[in-house]
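This report refers to the structure that appears directly beneath it.
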Amino acid sequence: MPPLDRDTRLSYRGAARIREDQDTPTQTTDQRLLRSADSARDPWRVLRIQSEFVEGFDNLATVSGAVTVFGSARIAPDTPYYDLGRELGGALAGAGYPVMTGGGPGLMEAVNRGACEAGGYSIGLGIELPFEQNLNQWVDLGINFRYFFVRKTMFVKYAQAFVCLPGGFGTLDELFEALTLVQTRKVTQFPIVLLGTEFWGPLLDWVRGTLVEQGFVSPADVDLLQVTDSVADAVAIIGQSRQRQGGEDHR
Ligand SMILES: CC(C)=CCNc1ncnc2c1ncn2[C@@H]1O[C@H](COP(=O)(O)O)[C@@H](O)[C@H]1O
């Protein structure tokens, strides 16, 4: 941008300083807001986002104390991790927890399946993706979301604990979002269990050896994660946390 000469007339639009000799829109923000012809798109998008929140809250209103499980979309049935997911779904259902997943294939399906087979309540919060995909067949309540961030709110709001099975970027994203919420005390008494020591161990080593070592997180932050190979331990950790809260809601 060339330097302003003294005679240039300036105006301000919100935080923006505008040179009047530039080719700028001639309307104010208020005028644009009130002139519906121009402003059709984003406000309607906001309503759409809002409606997705409403739909989620409405459909999940009766769910309380669910356990949200994250895990890979890519693991096939009849593999060790799939079997672990199925066992986890069954154990959580057996302990009386509604089970909530991303409603997709792989380990999400395994967990929903285990919960259904054990007679529990199985929830799948799906996401619209650029390729065709249906909710897996093992959900009692399924909702398909357009926006990842709306769906993520539901995963936290209606759960009292997270369990992470092995997975890729999606699982890591969900894990670290949960972890940040707990670290910053946006949610309290919210156990995060990592199931599978062989898979999660190297990540924990890196957290301790690099993040703690270089002062990016505190040593106590590492304790927010509990790693185990045992489905029974995972369920027990969740039960103990619930007892500490006296059955109270964490939010
Ligand atoms: C085969 C394939 C890529 C299917 C994608 N279909 C999906 N359907 C539903 N949730 C998903 C999907 N992909 C990623 N996610 C979300 O991200 C996590 C899995 O991602 P990833 O496979 O670990 O990285 C899940 O917990 C889920 O909440």
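It should be emphasised that the depicted structure is a prediction, and the values quoted were computed from it without experimental measurement.
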Assess whether side chain to side chain contact (heavy atoms under 4.5 Å, CB included) is satisfied between M154 and F57, documenting all intermediate values.
CA-CA 8 Å; M154 307 299 152; F57 292 154; 3.6 Å; yes
Give the intermediate values and the outcome of side chain to side chain donor-acceptor pair (under 3.5 Å) for residues E109 and Y82.
CA-CA 8 Å; E109 175 191 296; Y82 189 97; 2.5 Å; yes
So, for Q226 and P191, which heavy atoms are closest and what is the spacing to 0.1 Å?
NE2-CB, 4.5 Å
Just to verify, which of V163, T68, T101, L84 counts as forming a side-chain contact (heavy atoms from CB on, under 4.5 Å) with V111?
T101
Going through the distances and angles, do F155 and L125 end up as a side chain to side chain contact (heavy atoms under 4.5 Å, CB included)?
CA-CA 8 Å; F155 280 138; L125 305 185; 3.8 Å; yes
Side chain D221, main chain S218, donor-acceptor under 3.5 Å
yes
Can you check whether L225 reaches L203 side chain to side chain, under 4.5 Å on heavy atoms?
no
Kindly compute the distance separating CG (L179) from CG (L194), expressed to the nearest 0.5 Å.
8.5 Å
Over all atoms of both residues, closest heavy-atom pair of P98 and I123
CB-CD1, 4.4 Å
Could you tell me how the ring of Y81 sits relative to the ring of F199: parallel (under 30°), tilted (30 to 60°) or perpendicular (over 60°)?
perpendicular
Just do the side chain to side chain contact (heavy atoms under 4.5 Å, CB included) check on L211 and V222 with the steps written out, would you?
CA-CA 10 Å; L211 298 189; V222 186; over 6 Å; no
Minimal heavy-atom distance between Q160 and G65, with the atoms involved, is NE2-O, 2.9 Å
Carefully, step by step, assess S122 and D140 under the rule side chain to side chain donor-acceptor pair (under 3.5 Å).
CA-CA 5 Å; S122 172; D140 299 312; 4.8 Å; no
Any side-chain heavy atom of I143 sitting closer than 4.5 Å to one from L60?
yes
Report yes or no: does N136 contribute a side-chain atom to a donor-acceptor pair with the main-chain N or O of P105 at less than 3.5 Å?
no
Step by step, would you call V227 with L204 a side chain to side chain contact (heavy atoms under 4.5 Å, CB included)?
CA-CA 9 Å; V227 196; L204 265 285; 3.8 Å; yes
For V235 versus A95, what's the shortest heavy-atom pair and its separation?
CG1-CB, 3.7 Å
State, yes or no, whether a side-chain contact exists between F190 and L181 at a heavy-atom distance under 4.5 Å.
no
Spatial distance of atom OG (S72) from atom CZ (F169) [nearest 0.5 Å]:
12.0 Å
Between CD of Q189 and CD of Q243, what distance do you get to the nearest 0.5 Å?
12.0 Å
Got a second to check how far I75's CD1 is from D83's CG, nearest 0.5 Å?
11.0 Å
Could you tell me which non-hydrogen atom of L224 sits nearest to which non-hydrogen atom of Q183, and how far apart they are?
CD1-CA, 3.8 Å
Co-membership, hydrophobic cluster, residues I238 and M100, 4.5 Å side-chain:
yes
Heavy-atom nearest pair, P219 first then V212, reads CG-CG1, 4.0 Å
Test item: T79 side-chain N/O and A76 main-chain N/O as donor-acceptor pair under 3.5 Å:
yes
If you define the side chain from C-beta out and look only at heavy atoms, does anything of F162 sit under 4.5 Å from V67?
no
Look only at the side chain of T153 and the backbone of F149, and say whether a donor-acceptor pair between them is shorter than 3.5 Å.
yes
Heavy-atom side-chain contact between T228 and L195 under 4.5 Å
yes
Would you say the rings of F145 and Y147 are close, in the sense that their centroids are separated by under 6.0 Å?
no
Indicate if I192 and V156 have the same hydrophobic cluster label, given that clusters are the connected sets of ILVMFWY residues with side-chain heavy-atom separations under 4.5 angstrom.
yes
pair R146-I49: side-chain heavy atoms closer than 4.5 Å:
no
Do M108 and L175 sit in the same hydrophobic cluster, where Ile, Leu, Val, Met, Phe, Trp and Tyr count as joined when their side-chain heavy atoms come under 4.5 Å apart?
no
Can K152 and E174 be counted as an ion pair, charged N to O under 4.0 angstrom?
no
So, N112 side chain and V139 main chain: donor-acceptor pair closer than 3.5 Å or not?
no
Would F70 end up clustered with W138 when hydrophobic side chains under 4.5 Å apart are linked, directly or stepwise?
no
Linking I/L/V/M/F/W/Y whenever their side-chain heavy atoms sit closer than 4.5 Å, directly or via other members, would L135 and L129 fall into one cluster?
no
Taking T184 for its side chain and T180 for its backbone only, find out whether a donor-acceptor pair lies under 3.5 Å.
yes
Distance in Å, D173 CG paired with F176 CZ, rounded so as to fall on 0.5 Å steps:
10.0 Å
With side chains defined as the heavy atoms from C-beta onward, is the minimum distance between T171 and L107 less than 4.5 Å?
no
Is it true that a side-chain atom of D58 and a backbone atom of V54 form a donor plus acceptor pair closer than 3.5 Å?
no
Salt-bridge test for R86 and E117: reply yes if a basic N is under 4.0 Å from a carboxylate O, no otherwise.
yes
Do L141 and Y121 come close enough that some side-chain heavy atom pair is under 4.5 Å?
yes
To the nearest 0.5 Å, what is the distance between CD on E177 and NZ on K186?
12.0 Å
